[in-house]
Amino acid sequence: MKVLANDGISKAGERTLKEAGIEILDNRVAQDHVINFINDNNVDVLLVRSATKVRQDLIDACPGLKIIGRGGIGMDNIDVEYAKSKGIKVINTPTASSKSVAELVFGHFISLARFLHESNRLMPLEGETHFNAMKKSFSNAYELSGKTLGVIGFGSIGQEVIKIGIALGMKVQVLTRSPKTEVLTLNFFDGQSVNFEITSTNDMDAFLKDADFISINTPKTHEYIIDTPQFEKMKDGVYIVNTARGGVINEVTLIDFIESGKVAGAALDVFENEPTPELPLLMNPALSLSPHVGGNTVDAQEKIGVELAEQIIKLQKETIR
């Protein structure tokens with residue numbers, strides 16, 4: 001079996017595949033040349049992240065493909081159902097990067113609540129001349145402990161966000177399409193663990209009214225989850241972080257509500273116009289920004305690579321039987 005990891009794979013994942021006798025091609029092939037490369041090299045497995053698109057034309061043009069793998073959760077860059085209809089196995093790693101994304105959410109929340117995003121911009125420029133003025137300006141900060149964390153989405157990332165919120169002493173509420181209950185376990189360094197039973201709500205108005213910090217952790221949507229009607233129902237001074245997908249929050253409206261003071265600050269790791277975010281977003285001092293790096297940690301990449309490799313090995317064994 002021959003594997004093309006077109007958007008890369010961790011050394012641990014590569015090692016796991018090689019130890020199983022599977023050939024790994026760690027090439028980076030431009031989208032326009034992927035079809036030819038797959039056919040010319042008799043590739044059986046195509047692994048991608050978010051860069052490479054696997055649409056119907058590629059699937060039709062590569063009849064030798066047996067497996068398509070996505071390193072991550074969302075598979076909106078793959079025509080999944082069409083691939084399955086052609087007998088191709090489609091795999092992903094739905095939990096491997098959840099902790100990394102959740103930690104980024106709180107990196108942004110703390111940065112916003114303590115003005116770190118703005119302080120880091122200004123200190124190199126004005127720290128020597130306006131130190132006391134900045135100290136006064138950035139003193140109007142908040143603790144997260146005791147505040148209400150609102151999480152939109154109850155999947156693996158949402159659950160990790162909730163766990164961190166609980167660990168920080170936050171009150172937690174969750175919004176889903178239909179109410180559901182999950183038992184979340186917090187594991188500690190000394191072997192102790194504590195279970196928390198969390199029940200979500202589908203009452204958007206009540207959810208928005210109570211939340212001090214809102215984290216969006218949903219799959220890609222076809223319409224905005226957060227737009228003018230939702231902003232209007234939020235608390236004054238709310239903080240929002242989107243690490244889900246571009247297009248779940250109206251970015252133009254977000255800027256309007258930041259300027260009105262309704263939203264105290266927001267963070268975006270994903271954008272409607274990736275990879276060229278709108279300039280007003282990039283220049284707004286109330287925004288904490290990162291370039292879609294939610295799952296991009298060494299730890300997550302190691303887990304993703306190994307998990308993909310193990311799934312490929314399992315599918316290969318099943319085929320041989």
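These values consider heavy atoms only, across backbone and side chains, with no hydrogens, waters or symmetry-generated copies.
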Original post:
Between I59 and L65, is a side chain to side chain contact (heavy atoms under 4.5 Å, CB included) present by the stated rule, with each step listed?
Top reply: CA-CA 8 Å; I59 294 166; L65 270 183; 5.8 Å; no

* To do: Run the numbers on T52 and N6 for side chain to side chain donor-acceptor pair (under 3.5 Å), then give the verdict.
  => CA-CA 7 Å; T52 304; N6 203 45; 2.9 Å; yes

Q | Verdict with supporting geometry, S50 and H292, side chain to side chain donor-acceptor pair (under 3.5 Å) | A | CA-CA 10 Å; S50 55; H292 201 156; 5.4 Å; no

inquiry  = Between L58 and D79, does the side chain to side chain contact (heavy atoms under 4.5 Å, CB included) criterion hold? Intermediate values first, please.
reply    = CA-CA 10 Å; L58 186 152; D79 287 341; over 6 Å; no

For this session: Step by step, work out the side chain to side chain contact (heavy atoms under 4.5 Å, CB included) result for T148 and Q173.
Result: CA-CA 7 Å; T148 297; Q173 57 180 17; 4.0 Å; yes

For R55 and Q31, what are the C-alpha separation, side-chain angles and deciding distance, and is it a side chain to side chain donor-acceptor pair (under 3.5 Å)?
-> CA-CA 11 Å; R55 301 302 180 200; Q31 183 74 48; over 6 Å; no

Between Q301 and N296, is a side chain to side chain contact (heavy atoms under 4.5 Å, CB included) present by the stated rule, with each step listed? CA-CA 7 Å; Q301 296 311 306; N296 289 6; 3.8 Å; yes

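Both Y142 and V105 belong to a common hydrophobic cluster when Ile, Leu, Val, Met, Phe, Trp and Tyr are linked at side-chain heavy-atom distances under 4.5 angstrom. Residues F154 and M204 do not share a hydrophobic cluster, clusters being chains of Ile/Leu/Val/Met/Phe/Trp/Tyr side chains in contact below 4.5 Å. Following chains of ILVMFWY side-chain contacts shorter than 4.5 Å, one can reach Y239 starting from V241, so the two form part of one hydrophobic cluster.
Residues A244 and T218 come closest through the heavy atom pair CB-O, 3.3 Å. Closest of all the heavy-atom pairs between G295 and A300 is O-CB, 3.2 Å. Minimum heavy-atom separation, G294 to L104: CA-CD2, 3.6 Å. Listed here is the closest heavy atom pair of R70 and N77: NE-OD1, 3.5 Å. Heavy-atom minimum distance, M1 versus V45: SD-CG2, 3.7 Å. The minimum heavy-atom distance linking R121 with P124 is given by the pair O-CD, 3.6 Å.
With Q230 contributing its side chain and D227 its backbone, the two residues share a donor-acceptor pair below 3.5 Å. The closest donor-acceptor contact from the side chain of T93 to the backbone of G72 lies under 3.5 Å. Panel note: side chain T228, backbone T253; no donor-acceptor pair is recorded below 3.5 Å. Proximity of a side-chain donor or acceptor of N187 to a complementary backbone N or O of S193 within less than 3.5 Å is not detected. The backbone N or O of L289 lies less than 3.5 Å from no partner atom in the side chain of H108, so there is not a single donor-acceptor pair. N41 places no side-chain N or O within 3.5 Å of a backbone atom of V43 that could act as its donor or acceptor partner. A donor-acceptor pair is defined here as one N or O able to donate and one able to accept, closer than 3.5 Å; no such pair exists between the side chain of N217 and the backbone of V151. Proximity of a side-chain donor or acceptor of N242 to a complementary backbone N or O of L268 within less than 3.5 Å is not detected. Between the N27 side chain and the V29 main chain, no donor and acceptor come within less than 3.5 Å of each other. The backbone N or O of E278 sits nowhere less than 3.5 Å from a side-chain atom of N273 that would complete a donor-acceptor pair.
The salt bridge (charged side-chain N to carboxylate O under 4.0 Å, His left out) with D76 is formed by just one residue from the set K220, K53, R245; it is R245.
Taking CD1 of I9 as the start and CZ of R49 as the end, the distance is 11.0 Å to the nearest 0.5 Å. The CD1 atom of I88 sits 10.0 Å away from atom NZ of K66, with the distance rounded to the nearest 0.5 Å. Annotation: the span from I216 atom CD1 to L175 atom CG amounts to 10.5 Å, rounded to 0.5 Å. Rounding to the nearest 0.5 Å places CG of D210 at 12.5 Å from CE of M234. Here the straight-line distance linking atom CD1 of I157 with atom CD1 of I73 works out to 3.5 Å at 0.5 Å rounding. Put simply, CG on L184 and CD on Q159 are 5.0 Å apart, with the number rounded to the nearest 0.5 Å.
Sparse packing is recorded around NZ of K89, with 12 or fewer heavy atoms of other residues, nucleotides or ligands lying under 6.0 Å away. No more than 12 heavy atoms of other residues, nucleotides or ligands lie within 6.0 Å of NZ in K171, so this atom counts as exposed by the packing criterion.
F115 belongs to a hydrophobic cluster with L122, M123, F131, M134, F138, counting contacts under 4.5 Å between side-chain heavy atoms of Ile, Leu, Val, Met, Phe, Trp and Tyr, direct or through other members.
Residues L47 and D7 have side chains not in contact (no heavy-atom distance under 4.5 Å, counting atoms from C-beta outward). Side chains of M75 and P94 form no contact here, defined as non-hydrogen atoms less than 4.5 Å apart. Counting only heavy atoms from C-beta outward, the side chains of S145 and L168 never approach each other to under 4.5 Å.
Every residue meeting the ring-ring contact (aromatic ring centres under 6.0 Å, His included) condition with F106, not counting sequence neighbours, appears here in chain and number order: F109. Shown here are the ring-ring contact (aromatic ring centres under 6.0 Å, His included) partners of F231, two or more places apart in sequence or in another chain: F257.
Between E143 and K147 there is no salt bridge, since no side-chain N of the basic residue sits under 4.0 Å from a carboxylate O of the acidic one.
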